[in-house]
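Accompanying notes for the structure given below.
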Amino acid sequence: MQPVDFTTLTAACSEIRANWLPSRLEQVYQRDRYTIAMALRTLQQRDWLQISWHPQAAHICIGDPPPRSPDTFTFSQQLIHQLGGLALVAIEAIAPWERVINLQFARRPGESALYHVYAEIMGKYSNVILTDANNIIITAAHQVSQQQSSVRPIQTGQPYETPPKLTGTVPSLSEPQERWQERVSLVPGAFKRQLLKSYSGLSAALLELMLLKANIAPETSTDTLNPDDWRRLFEHWQEWLQALDSKEFQPAWTKDGYTVMGWGAVEKVKDIQELLNRYYSNQIDQQLFSQLRHQLSQKLHNILAKLRNKAQTFQTRLQQSDQADEYRQKADLLMAHLQNWEPGMKEIILADFETNLPVAIALQPDKNAVQNAQSLYKQHQKLKRARAAVEPLLLEVQTEIEYLEQVEAAIGQIDTYQTTEDLRALEEIREELIGQKYLEDPEYRSRSANEPPSTNFHRYLTPSGFEVLIGRNNRQNDQLTFRVAGDYDIWFHAQEIPGSHVLLRLEPGAVAEEADLQFVANLAAYYSRARQSEQVSVVYTQPKHVYKPKGAKPGIAIYKQETILWGKPQIV
């Protein structure tokens, strides 16, 4: 992930300063553990200033409005308590080349600041700190105790101390090429590495794009550069410093990230706020997606392994109970041939009533024939009772396994992150598992908590142009089947295989051709656990013939009056 460097921070704050000073702070909302959003209003506009202290994605920009779900964080409540209704009157760096921004709040423009919000955009050391006019810390996003850092603790009631000052040489527009070249080439080595060692305020991403613009490989050694190479590099070095001085930037997407210098641009962007908001929202969502998918997959794998072991134990006990009739038959044989018993016998062989074949019956030598028969009858009754007790337990476990396999299949379908909707689908699965008591409440507030199921179904068009909707998880499956489906639609599902509910939407009087039905059957097969098979049995019926059993878990449905088609997932 590309970190916000000094250049990007300068560009972002310059744009915010031009458009949002002065402005009134109306609301503060904390999106997650690392991000707050401040609602700012000017005479012309209202929007949300987003500040993140995420270890890999710390940034500041105008972002999207927050969700409508409740804010349960205390940090945002402390901020709005102190800053609500005040004016944001200044946005300044605390010192040249530092990545710490001081947002100053006063009663009205022109008055001295009552409070300061320090946004420290410094990678894993990032933080947001609120102080009063005397720079006494009121609250911080991340408090740092004396034990954690003896150099710079950050605690309520203590004076705010700025981060340690830069010790390296800072770039200067007035520095001539000869001095600059001499400093960088003093010790031969890769140009990019030597420049990072020689000057503060630089980043690897900025230098890679500078070298790309100069058509020089990043690992090119300083002692192999010719005079023309040095000239081109110094021109771009000066171009960068002039942009910082004039506050004129060219935001754009690059092949692997973004730039505010226009170097390596593949698509220009109208403003830096949009660029940063889109990039970091997308990067954080991708990271959350990967983490959440791994956590859910591991949790389900562990739960299913335990349930399958339990089911196997129950099945073994049922197989043992199948011997119940055998014990009764032996007891009957023994009672019918009491005269054949002799004291001290350990085994007796008697002819079977029906087949006349010899049957060996083990005996306890310290008991007589009647007592041995009674023991066999007791064993028969015990095994019968075991079957009666175990059968409902096995059914309960098998139902649970079927449900969790359905969830596992849904996670398997969401295999890569493409849009924020993919993350939302996984969050809904997490909320579902929390609701079903398979997961504990997460430490942080989920965006999907307390929200209705989303309707961001997979969408396709059949050869005849009919719409096809496919659920991404069990909550969406229930929504699709029992709320969205109309009387004229057709419902599809892989037969007896975990998979998505699929709906073919039809208008009154419309008739789906055979090619349409086959197209949807192929989709139902593809969005099932049997995706890798060549052919999958798929059922379809009218939505009115699909039911949810009483008390069934999300995504579970039974159906009747179905027709079977063979879906081919490989051609989707």
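Bear in mind that the values here come from a model prediction, so they are computed numbers and not experimental data.
- With 3.5 Å as the limit, one finds no donor-acceptor pair spanning the side chains of Thr42 and Trp20.
- A distance-only check finds a donor-acceptor pair linking the side chain of Asn473 to the backbone of Ala425 [under 3.5 Å].
- Using a distance-only test at 3.5 Å, with no hydrogens or angles considered, no donor-acceptor pair links the side chain of Gln155 to the main chain of Gln143.
- The salt bridge (charged side-chain N to carboxylate O under 4.0 Å, His left out) pairs that include a residue from residues 251-273 number zero, where partners must be two or more places apart or lie in different chains.
- The cationic group of Arg459 does not satisfy the cation-pi geometry with Phe457, failing either the under 6.0 Å distance to the six-membered ring centre or the 45° limit from the ring axis.
- Inspection of the Gln148 and Ser145 side chains reveals an N or O donor paired with an N or O acceptor under 3.5 Å.
- Every residue meeting the side chain to side chain contact (heavy atoms under 4.5 Å, CB included) condition with Thr8, not counting sequence neighbours, appears here in chain and number order: Val4, Asp5, Tyr258, Val260, Leu276.
- Not one N or O on the side chain of Thr222 forms a donor-acceptor pair closer than 3.5 Å with the backbone of Phe191.
- Separating the CD atom in Gln50 from the CD atom in Gln273 is a distance of 10.5 Å, to the nearest 0.5 Å.
- Side-chain atoms of Gln250 and Trp263 form no donor-acceptor pair, as typed in the model, at a separation below 3.5 Å.
- The ring pair (Phe, Tyr, Trp, His ring centres under 6.0 Å) search around Phe289 returns Tyr417, not counting sequence neighbours.
- Taking the six-membered ring wherever Trp is involved, the centroid distance between the rings of Trp237 and Tyr199 falls below 6.0 Å.
- Judged purely by atom type and a 3.5 angstrom limit, Glu274 has no side-chain atom pairing as donor or acceptor with the backbone of Val269.
- Under the side chain to side chain contact (heavy atoms under 4.5 Å, CB included) criterion, Thr220 pairs with Ile216, Ala217, Thr224, Leu225, not counting sequence neighbours.
- For the residue pair His54 and Gln287, a side-chain donor N or O sits within less than 3.5 Å of a side-chain acceptor on the partner.
- Asp223 places no side-chain N or O within donor-acceptor distance of the main-chain N or O of Pro188, the cut-off being under 3.5 Å.
- Side-chain N/O atoms of Tyr118 and Asn135 include a donor and acceptor closer than 3.5 Å.
- A side-chain donor-acceptor contact under 3.5 Å links Gln406 to the backbone of Gly499.
- Counting only residues at least two apart or on different chains, the side-chain hydrogen bond (donor to acceptor under 3.5 Å, both in side chains) pairs with a member in residues 84-104 are Asn102-His116.
- Under the salt bridge (charged side-chain N to carboxylate O under 4.0 Å, His left out) criterion, no residue pair touches residues 294-304, with sequence neighbours excluded.
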Pair Asn456-Gln476, side chain to side chain donor-acceptor pair (under 3.5 Å): steps then yes or no: CA-CA 8 Å; Asn456 59 313; Gln476 289 193 17; 2.9 Å; yes
Side-chain polar contacts of residues 123-130 - donor-acceptor pairs under 3.5 angstrom, sequence neighbours left out - could you list them?
{"from": "Ser126", "atom 1": "OG", "to": "Glu120", "atom 2": "O", "distance (Å)": "3.4"}
{"from": "Ser126", "atom 1": "OG", "to": "Met122", "atom 2": "N", "distance (Å)": "2.9"}
{"from": "Ser126", "atom 1": "OG", "to": "Gly123", "atom 2": "N", "distance (Å)": "3.1"}
{"from": "Ser126", "atom 1": "OG", "to": "Gly123", "atom 2": "O", "distance (Å)": "2.7"}
{"from": "Asn127", "atom 1": "OD1", "to": "His142", "atom 2": "N", "distance (Å)": "3.0"}
{"from": "Asn127", "atom 1": "ND2", "to": "His142", "atom 2": "O", "distance (Å)": "2.7"}

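- Not counting sequence neighbours, the partners of Pro218 by the side chain to side chain contact (heavy atoms under 4.5 Å, CB included) test are Lys192, Leu211.
- In this structure, Tyr526 has no ring pair (Phe, Tyr, Trp, His ring centres under 6.0 Å) partners at least two apart in sequence or on a different chain.
- A 6.0 Å sphere centred on CD of Glu534 holds no more than 12 heavy atoms belonging to other residues, nucleotides or ligands.
- Arg46 pairs by the side chain to side chain contact (heavy atoms under 4.5 Å, CB included) definition with Glu26, Gln27, Ala39, Arg41, Trp48, not counting sequence neighbours.
- To the nearest 0.5 angstrom, Leu307 atom CG is 10.0 Å from Glu405 atom CD.
- Applying the salt bridge (charged side-chain N to carboxylate O under 4.0 Å, His left out) rule to pairs touching residues 412-422 yields Asp422-Arg472, sequence neighbours excluded.
- Side-chain N or O atoms of Trp253 include none that pairs as donor or acceptor with a backbone N or O of Thr259 at under 3.5 Å.
- Under the 4.5 Å side-chain criterion, counting only non-hydrogen atoms from C-beta, Thr35 is not in contact with Ile51.
- Closest of all the heavy-atom pairs between Leu296 and Leu426 is CD1-O, 3.8 Å.
- For residues 107-117, every residue pair satisfying the salt bridge (charged side-chain N to carboxylate O under 4.0 Å, His left out) rule, not counting sequence neighbours, is listed here: Arg108-Glu111.
- Ser76 places a side-chain N or O within donor-acceptor distance of the main-chain N or O of Phe73, the cut-off being under 3.5 Å.
- No side-chain N or O of His301 forms a donor-acceptor pair with one of Glu408 less than 3.5 Å apart.
- The closest donor-acceptor contact from the side chain of Glu15 to the backbone of Ile272 lies under 3.5 Å.
- When atom types are taken as modelled, the side chain of Gln298 and the backbone of Gln295 share no donor-acceptor pair closer than 3.5 angstrom.
- Side-chain contact of Gln291 with His294: a donor-acceptor pair under 3.5 Å is absent, judged by distance alone.
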